[in-house]
Amino acid sequence: MLSLVGTACAEEREQPSAGVGKTLIAYLTRSGNTRVIAGTLQRTLGADLFEIRPARPYPDDYEQHVAQATSERDSGYEPPLAAKVDNIAAYGTVFLGFPIWGETAPPPIRSFLKAHDLSGKTLRPFITHGGYGVGGSLAVLATHATGATIEEAFVMEADQERRTLNQVRDWLGQINS
């Protein structure tokens with residue numbers, strides 16, 4: 001059994017369709033959408049679960065979070081992670097989930113890929129976005145997960161947070177007029 005800080009792990013089960021080795025679900029989430037998908041995958045596949053978290057958390061405020069992520073993206077910064085997967089070699093398949101930030105993979109995803117050798121593994125991305133698609137995220141996977149077999153991504157629009165903020169601002173504009 002894998003022991004990871006701040007994550008839940010399932011009992012190991014045989015995965016005949018998952019290839020050689022165990023299956024890992026690694027994910028980064030901001031608002032929780034990607035976490036829901038990761039949990040569903042973990043329960044369905046009986047896989048181990050690992051939440052990717054930066055050592056220094058991003059601001060809770062959405063706009064501050066976006067500003068920091070944009071600055072990191074533009075500078076190529078790859079933030080240190082709070083934890084790494086102890087035995088990545090044990091996994092034959094890694095499901096990697098993340099939201100699109102600034103039209104690409106978030107900086108902590110680049111950090112995760114840099115910190116873990118996925119050579120010879122099957123990488124199955126699952127991506128959430130706020131309406132603009134996957135942007136350059138697949139190119140990030142190709143350059144940062146060299147040696148991995150990258151399968152077609154599951155992509156889902158999940159823009160509730162942005163829509164909620166816009167609706168609240170519209171409402172406030174109406175009552176402040």
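None of the values given here were measured: they were computed from a predicted structure. Values below: all heavy atoms of this structure, side chains included; hydrogens, waters and symmetry mates excluded.
Of all heavy-atom pairs between P107 and A69, the closest is CG-O, 4.3 Å. Smallest separation of non-hydrogen atoms from Q68 and P59: OE1-CD, 3.1 Å. Across A148 and L123, no two heavy atoms sit closer than the pair CB-CB, 4.4 Å.
Counting heavy atoms from C-beta on, the side chains of I88 and L24 come closer than 4.5 Å. A heavy-atom distance below 4.5 Å is not found between the side chains of I25 and V94. Put simply, the side chain of R53 does not reach to within 4.5 Å of the side chain of L81, judged on heavy atoms. Within the 4.5 Å cutoff, the side chain of P99 has no heavy atoms near those of the I127 side chain. Annotation: side chain of I37 is not in contact with side chain of N33 (no heavy-atom distance under 4.5 Å). In this structure the side chain of K121 never reaches within 4.5 angstrom of the side chain of T149, judged on heavy atoms. Within the 4.5 Å cutoff, side-chain heavy atoms of F98 are placed close to those of I100.
The aromatic rings of H116 and F50 lie perpendicular to each other, with more than 60° between the two planes, well past the 30° mark. Ring pair F95/F126 is tilted by interplanar angle, where 30° to 60° counts as tilted.
Partner E72 forms a side chain to side chain donor-acceptor pair (under 3.5 Å) with one of W101, Y77, Y58 and no other, that one being Y58.
No donor-acceptor distance shorter than 3.5 angstrom exists from the side chain of T44 to the backbone of L41, with no hydrogens or angles considered. Looking at S111, its side chain does come within 3.5 Å of a backbone N or O of P79 through a donor-acceptor pair. Of the possible donor and acceptor atoms, none in the side chain of H65 sits under 3.5 Å from a partner among the backbone N and O of D61. A donor-acceptor pair under 3.5 Å is formed between the side chain of R73 and the backbone N or O of G102. At least one donor-acceptor pair under 3.5 Å links the side chain of S75 to the backbone N or O of S71.
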Exercise. After noting the C-alpha distance and the side-chain angles of L96 and I52, does the key distance pass the side-chain contact (heavy atoms from CB on, under 4.5 Å) rule?
Worked result: CA-CA 10 Å; L96 181 63; I52 300 166; 3.7 Å; yes

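The hydrophobic cluster containing V134 also contains I150, counting ILVMFWY residues as joined when their side-chain heavy atoms lie under 4.5 angstrom apart, directly or transitively.
Annotation for E151: atom CD counts as buried by contact number, over 12 foreign heavy atoms lying within 6.0 Å.
Within the model, atoms CZ of R30 and OG1 of T128 stand 11.0 Å from one another, a figure rounded to the nearest 0.5 Å. Between atom CD of residue E78 and atom NZ of residue K114 there is a gap of 4.5 Å, rounded to the nearest 0.5 Å. Note that the CD atom of Q42 and the OG1 atom of T23 stand 11.0 Å from one another [nearest 0.5 Å].
Salt bridge annotation for R35-E51: present, with a cationic side-chain nitrogen under 4.0 angstrom from a carboxylate oxygen.
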